[in-house]
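Only one structure is covered here, and it is reproduced in the block below.
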Amino acid sequence: MRIVLALLIGMVFGLGIAIAGMANPAKVLNFFDVAGSWDPSLLVVMISALVTTAIGYRLVFGRLEQPVLDKTFNLPVSRAIDARLIGGSALFGIGWGVTGFCPGGAIPALGLGYTETFLFVGAMMLGIVAARALQTSILKVQSV
């Protein structure tokens, strides 16, 4: 049941991204081109997502003591701004600015069939595997 719901939620998210035009890297890159052909539509999408999320969080946390399909809410507890967070954020931003893809836009864009999208998603997967391997090796070194 959890997998089916996760798939449905992902499909709704991807549909929203596609309808908003955020699966198109050129549209996203135009958002970053503030001195040229700036397109503010990504800002509208982000603000809409923040408002929707804030309302959703308020409704869920105000009415439920636990999630419907789990025993506890799995929310981040760390508020530390450390080198790991800054480094990961910088890599994410550089990748987004260079390619016009973020993970949320790239996965729905796979359906468009462009080679660049498949290359980006492949590189993203390799990056995830490399980051996890690095994190695991760092944790092993720290525990010794």
Side-chain angles (χ1 to χ4, degrees), residues 1-58 60-61 64 66-144:
M1 183 67 167
R2 291 177 67 176
I3 299 273
V4 172
L5 281 176
L7 181 63
L8 286 174
I9 291 167
M11 290 174 67
V12 169
F13 176 79
L15 185 63
I17 291 286
I19 289 172
M22 297 303 127
N24 179 355
K27 189 167 183 69
V28 173
L29 289 174
N30 278 339
F31 173 75
F32 296 123
D33 189 9
V34 291
S37 57
W38 188 61
D39 178 359
S41 57
L42 178 58
L43 186 62
V44 173
V45 170
M46 287 180 170
I47 291 171
S48 301
L50 283 172
V51 169
T52 304
T53 300
I55 293 169
Y57 271 33
R58 176 90 74 195
V60 168
F61 293 128
L64 299 176
Q66 71 180 61
V68 175
L69 298 176
D70 207 344
K71 293 178 183 168
T72 61
F73 289 105
N74 296 302
L75 300 172
V77 292
S78 175
R79 293 180 179 261
I81 299 174
D82 53 14
R84 194 171 142 208
L85 176 66
I86 293 170
S89 301
L91 278 174
F92 178 89
I94 291 168
W96 198 18
V98 168
T99 66
F101 283 121
C102 73
I107 301 299
L110 286 173
L112 301 175
Y114 296 121
T115 304
E116 297 84 5
T117 311
F118 287 96
L119 291 173
F120 175 84
V121 171
M124 181 178 72
M125 296 298 177
L126 284 174
I128 290 170
V129 170
R132 287 189 182 231
L134 181 65
Q135 186 177 16
T136 302
S137 67
I138 289 172
L139 290 175
K140 282 182 183 175
V141 169
Q142 288 177 345
S143 66
V144 173

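Start at 1 with the first residue, then count along the sequence.
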Apply side chain to side chain contact (heavy atoms under 4.5 Å, CB included) to the pair Ser48 and Val45, showing each step before the final yes or no. CA-CA 5 Å; Ser48 301; Val45 170; 5.7 Å; no
Table please: side-chain donor-acceptor pairs of residues 119-128 below 3.5 Å, with sequence neighbours left out.
none

Would you indicate whether Leu64, at its atom CG, is surrounded by more than 12 heavy atoms from other residues, nucleotides or ligands within a distance under 6.0 Å? yes
Got a sec: does the CD1 of Ile3 have more than 12 other heavy atoms crowding it under 6.0 Å? no
Out of curiosity, [X] [atom1] to [Y] [atom2], how far, rounded to the nearest 0.5 Å?
X: Ile86; Y: Ser89; atom1: CD1; atom2: OG; answer: 7.5 Å
X: Met11; Y: Leu8; atom1: CE; atom2: CG; answer: 6.5 Å
X: Thr53; Y: Met46; atom1: OG1; atom2: CE; answer: 12.0 Å

Aromatic rings Phe32 and Trp96: how do their planes relate, parallel, tilted or perpendicular, breaks at 30° and 60°? perpendicular
Taking only residues two or more places apart in sequence, or in another chain, which ones meet [X] in a ring-ring contact (aromatic ring centres under 6.0 Å, His included)?
X: Phe61; result: Tyr57, Phe73
X: Phe118; result: none
X: Phe13; result: none

Search all heavy atoms of Val28 against all heavy atoms of Leu42 and return the closest pair with its distance. CG1-CD2, 4.2 Å
How close do Ala109 and Ala23 get, counting heavy atoms only, and between which atoms? CB-O, 3.5 Å
Flag side-chain contact, heavy atom, 4.5 Å: Thr117 against Leu112: no
Ignoring hydrogens and angles, write down the donor-acceptor pairs under 3.5 Å from the side chains of residues 98-107, residues two or more places apart or on other chains.
| from | atom 1 | to | atom 2 | distance (Å) |
| --- | --- | --- | --- | --- |
| Thr99 | OG1 | Gly95 | O | 2.7 |
| Thr99 | OG1 | Phe101 | N | 3.1 |

Scan for salt bridge (Lys or Arg N to Asp or Glu O under 4.0 Å) pairs involving residues 28-56, sequence neighbours excluded, and state none if there are none. Lys27-Asp39
